[in-house]
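In what follows, chains are A, B, ... by sequence order, proteins preceding strands, each numbered from 1.
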Amino acid sequence: MTGRSIRVAVATTLVTALSLTAAACSNPDSATSGSGSSSASAVVGIAYEPDSLSPLLGYGKDGNSKIFDGLLTLGADMKLRPALAAELPEVSADGLTYTYKLRQGVKFSDGKPFGAKDVVFTYRTILDEKTNNASRTELDAVEDITARGEDTVVFTLKYPYAPFAQRTVLPIAPEHIAGKQDVNTGAFTTRPIGTGPYVLTQWSRGEKISFTANPHYWGGEPEVKKFTMAIIKDDDVRATRLRSGDLDGAILPPNLAKGFADDKNRKTYAATSYDYRTVTLPTHNKVAGDTAVRRALDIAVDREAMVKAILNGAGKPAYGPVPTDSEWFTRGTERTHDLAAARKILDEAGWKPGKDGVRVKDGVRASFPLWYLSGDKLRQEHALAYASDAKKAGIDIRTEAGTWEVIEPRMKHDAVLAGGGSPADPDFDQYTLLKSSLAGDGFNNMAWYDNKAVDTAIEAGRRSGEAAERKKAYDTVQRELVKNPGYTFLTHIDHLYVVDDRFGPLTTQVEPHDHGLASGPWWNVEKWSTESAGGSEK
Amino acid sequence: MARMAGRRALFAVPVLGVVTFGVFAVAAASPFDPVKAYAGTAGLTASQENLDQLRANLGVDQPLVARWWDWLTSALQGDFGDSSLMRQPVADVIAERMGWSVLLAATAFLVAILLGTGLGVLAARRPGGWLDRCVSSVAYTLEAAPAFWLGLLAIWFFALKLDVLPAGGLTDAASEVVTFGQVASHLVLPATVLGVSQLPWFFLYVRQGVADALAEDPVRGARARGLSERTVLLGHALRSGMLPMLTLIGSRVPELITGALLVETVFSWPGIAAATVGAATSVDFSLLAALTVLATAAVLLGNLLSDLLYGLADPRVAFDG
């Protein structure tokens, strides 16, 4: 390198530095115009990025997708409402046929009309085993779907399945686009076209998903014209960007949401959820499989303390998959924390305290391992609290961390700190958690729970179309869980969102375990009003 | 010189082949299950039958060698397969993200080289002087500081306290078009953080090299001939002091790639790095193999580049061709 070339290099450095500085100086203007003091645009920070935006691969299966509509949709009260269907379905007396009349005049955002063939195409494609849809099991009941004319579709089921209508919230894809490409990897998976309130304008992976209002939306054009979901996986960065004004709202863990409690311009919304944390008590474990041990653990744990200490109060004690504020919850099945009673149960069952304080029966030490997903702080804290409560009753629980690959082969004999929950119907959680024939089937019935009375009741619950009869069935399940708990349910977790006040007051839906795109106060962003100073939900 | 480049390129072919096989073998031996990764949370409620079908559809039930051979033969015909993680062709995944990563890494590299060289020369002029002591201790601290920590610190200071730079993303979150000004302002923080995290190595090498050169005979001779201090420093000392740094350029490439990984995550930068982590943890064979080929090629190119530069800068070094 010569002297001259070095001078050139130095000059280049200076120019680069100057241009970078200049760019930096010009930034504040663009930043304010960007994050929008205008209410017609909203930017929210989410922690989760979908793998695909194709409903055929499972996107938006629980309803409420911004780009698509399902035949039905769930309101704020979690009641089904017609969307692409003109009305709620007609169900045959035997519960085997569901007939949907379709809404007329609906168009996809590319201008092509929506019709019965799109519905048939969507369901048939999902049911096709060549389609890589991991949620296909949810449509297990469907025997076939056919179009009757242009405006009617008919589902025939293999067995009566009462919650079936809840499954038809899944988004409808356009046959004229999605039908012409590889369903697993085609362009439709990243650049979808739907009938929904918003049109996807850009999906920059790892950065953001941008939407613009669909001016021809059959439900009326949304007032929030631009809606952006910024993908920020790190909780701290999300909180920081919310504070810097880059975001209008974000999902936050309880400890970071607390930092916004005194912020006058931002409101914290706590969405109640079906998101439970539970300990599986596998039947094949000599200790955890003993009904006396299960019952003792069920009352030895201090759920209230967990809600207070681990969730900062943002949650509720759980006694089963159904949260205590649900209409499906059976009053009187709450278990209060009672250590003395737990000890008595164990004493009576022959579990006598050994030298080190851990109980022993017939030479078996009351001890078993409890696995939790490594890196999941919330699960770790639940596991540690559970182990410490159990210790007081004389049961030694060894907590261990691992990935699902490590945990899964051990699920038959070891306890696991599991999570789950889907709110639309009590069948969704209870059937897969408790049905004895599903023991060890993938992640279904992880505890290998086996209870004839429960089997009969959940089968009745899914087959009966009568609300009263279903309620009776799920009451039976919850009462059986008191007598023989296959799991120790610990908490139901509230999901916390902090949102700029100018959009409020907003509502939230009851949320599932998944933090999907549909969750949060923006579940109905298409209905937000921006007229008044504050703006409010229509 | 051309012969050396040609020979290296020939040598790269078997290396890349072996590397791809290695990736398939390591991925197959890893405890991660591609089907579980593909299914995500849906997999936690899916039936075994559903999961088995998925395994067959994804082709991961095939033996390792067959899978690798399939991938390799179609890759040679320009088809890099489909990414199971991203649900789109691997070529699309790379095309969409590669440019942004290259932009970030190149800018960072430039920052590191230019700043490192500049500061190194200044420090070498007065070893033990106040500038040398300040910059050296900062450099040692930076060497130990992880890039993501620097990133968080930079966001906190520049975006939150001073509010002069955006905290993340390629453009403002609400903006839908990618403009030069937007990208430039959003590039400043991630590129500086990544550049600064690489800076110490260049600084310390140049400082040492130039300081050594200043003590050598040719430089003393030049001084004796009455050449100006600037000519001595930049024309003579820097020229021989740069030599170890040129080797460094090649060897820093892998470090730059791992650094970019963390920086991209912290700044929500839509580059290829995040996809690499995802590909590895979800055992996305096709994507992982393609990315590994690219990373290997980058390292080989980096080495070739530093050897070429070395040869150009120092006539005593012969090209190995």
Side-chain angles (χ1 to χ4, degrees), chain A residues 1 3 6 9 13 16 20 23-24 26-28 30-31 34-36 41 43 51-52 54 57-58 129-130 132 134-137 184-185 189-190 201-202 204-208 210 226 228 230-234 236-237 240-241 243-244 246-247 403-406 420 432 441-444 513-514, chain B residues 31-33 36 38-48 50-51 53-54 57-58 82 85-89 96-97 110 114 118 152 155-156 159-160 163-170 172-176 181-182 184-185 188 231 234-235 238-239 242 264-266 268-270 274-275 313:
Chain A
M1 210 179 258
I6 285 167
T13 325
T16 317
L20 288 180
S26 67
N27 179 63
S30 55
S35 81
S41 78
V43 184
D51 301 309
S52 150
S54 168
L57 299 180
E129 54 182 32
K130 288 286 161 225
N132 295 341
S135 311
R136 182 180 308 122
T137 317
N184 295 320
T185 55
T189 61
T190 47
T201 47
Q202 192 202 17
S204 168
R205 265 218 225 231
E207 192 202 359
K208 65 187 168 193
S210 318
K226 273 166 64 177
T228 309
I231 298 141
I232 305 160
K233 297 219 168 83
D234 190 281
D236 291 298
V237 176
T240 306
R241 289 185 61 180
R243 207 178 291 275
S244 76
D246 212 15
L247 306 174
T403 61
W404 284 123
E405 282 79 5
V406 178
T432 52
D441 176 53
F443 283 85
N444 291 327
H513 172 57
D514 280 347
Chain B
F32 297 110
D33 180 359
K36 273 202 198 74
Y38 185 91
T41 41
L44 298 181
T45 51
S47 67
Q48 197 56 50
N50 196 173
L51 293 173
Q53 182 63 47
L54 212 52
N57 286 1
L58 293 174
D82 296 319
L85 172 72
M86 303 282 180
R87 293 4 178 209
Q88 62 187 125
E96 276 171 24
R97 294 165 189 75
L110 208 67
L114 295 177
L152 286 175
I155 291 181
W156 172 78
L160 208 57
D163 196 19
V164 289
L165 286 167
L170 183 64
D172 285 332
S175 150
E176 273 155 26
Q182 285 261 320
S185 66
V188 177
T231 318
L234 299 182
L238 180 62
R239 186 159 174 167
M242 283 285 278
E264 283 186 9
T265 310
V266 172
S268 307
W269 189 260

Participant: Please rank B/Gln48, B/Met86, B/Arg87 by heavy-atom pairs under 4.5 Å with chain A and give me the top one.
Facilitator: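 The candidate making the most pairs under 4.5 Å is B/Arg87.
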Participant: Kindly give the heavy-atom pair with the smallest separation between A/Asp51 and B/Tyr38, and that separation in Å.
Facilitator: OD2-O, 4.3 Å
Participant: Less than 4.5 Å to any heavy atom of chain B: does that hold for the side chain of A/Thr240, its backbone, both, or neither?
Facilitator: both
Participant: In Å and rounded to the nearest 0.5 Å, what is the CG to CG distance from B/Asn50 to A/Asn132?
Facilitator: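 B/Asn50 atom CG to A/Asn132 atom CG measures 10.0 Å (nearest 0.5 Å).
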Participant: Atom CG in A/Asp441, atom OG in B/Ser47: separation rounded to 0.5 Å?
Facilitator: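 Separation between the atoms: 5.5 Å.
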Participant: If we define contacts as heavy-atom pairs under 4.5 Å, which of A/Thr185, A/Thr228, A/Thr432 has the most with chain B?
Facilitator: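 Maximum pair count with chain B is reached by A/Thr185.
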Participant: Provide the closest heavy-atom pair for A/Glu207 versus B/Ser268 in the form atom of the first, atom of the second, distance.
Facilitator: CG-O, 3.4 Å
Participant: Below 4.5 Å from any heavy atom of chain A, which atoms of B/Leu170 appear? Answer side chain, backbone, both or neither.
Facilitator: both
Participant: Find the distance between OG (A/Ser244) and CH2 (B/Trp156) and round it off to the nearest 0.5 Å.
Facilitator: 14.0 Å
Participant: For A/Ile232, which atoms come within 4.5 Å of any heavy atom of chain B: side chain, backbone, both, or neither?
Facilitator: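 Backbone plus side chain of A/Ile232, per the 4.5 Å heavy-atom cut-off to chain B.
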Participant: Quick one: does any side-chain atom of B/Asn57 pair with a main-chain N or O of A/Glu129 as donor and acceptor, under 3.5 Å?
Facilitator: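 A pair under 3.5 Å: yes.
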Participant: Which atoms of A/Thr201 are under 4.5 Å from chain B, going by heavy atoms: the side chain, the backbone, both sets, or neither?
Facilitator: side chain
Participant: For the CG atom of A/Asp236 and the CG atom of B/Leu152, what is their distance to the nearest 0.5 Å?
Facilitator: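 The distance works out to 7.0 Å.
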Participant: So for A/Lys208, is it side chain, backbone, both, or neither that comes closer than 4.5 Å to the heavy atoms of chain B?
Facilitator: side chain
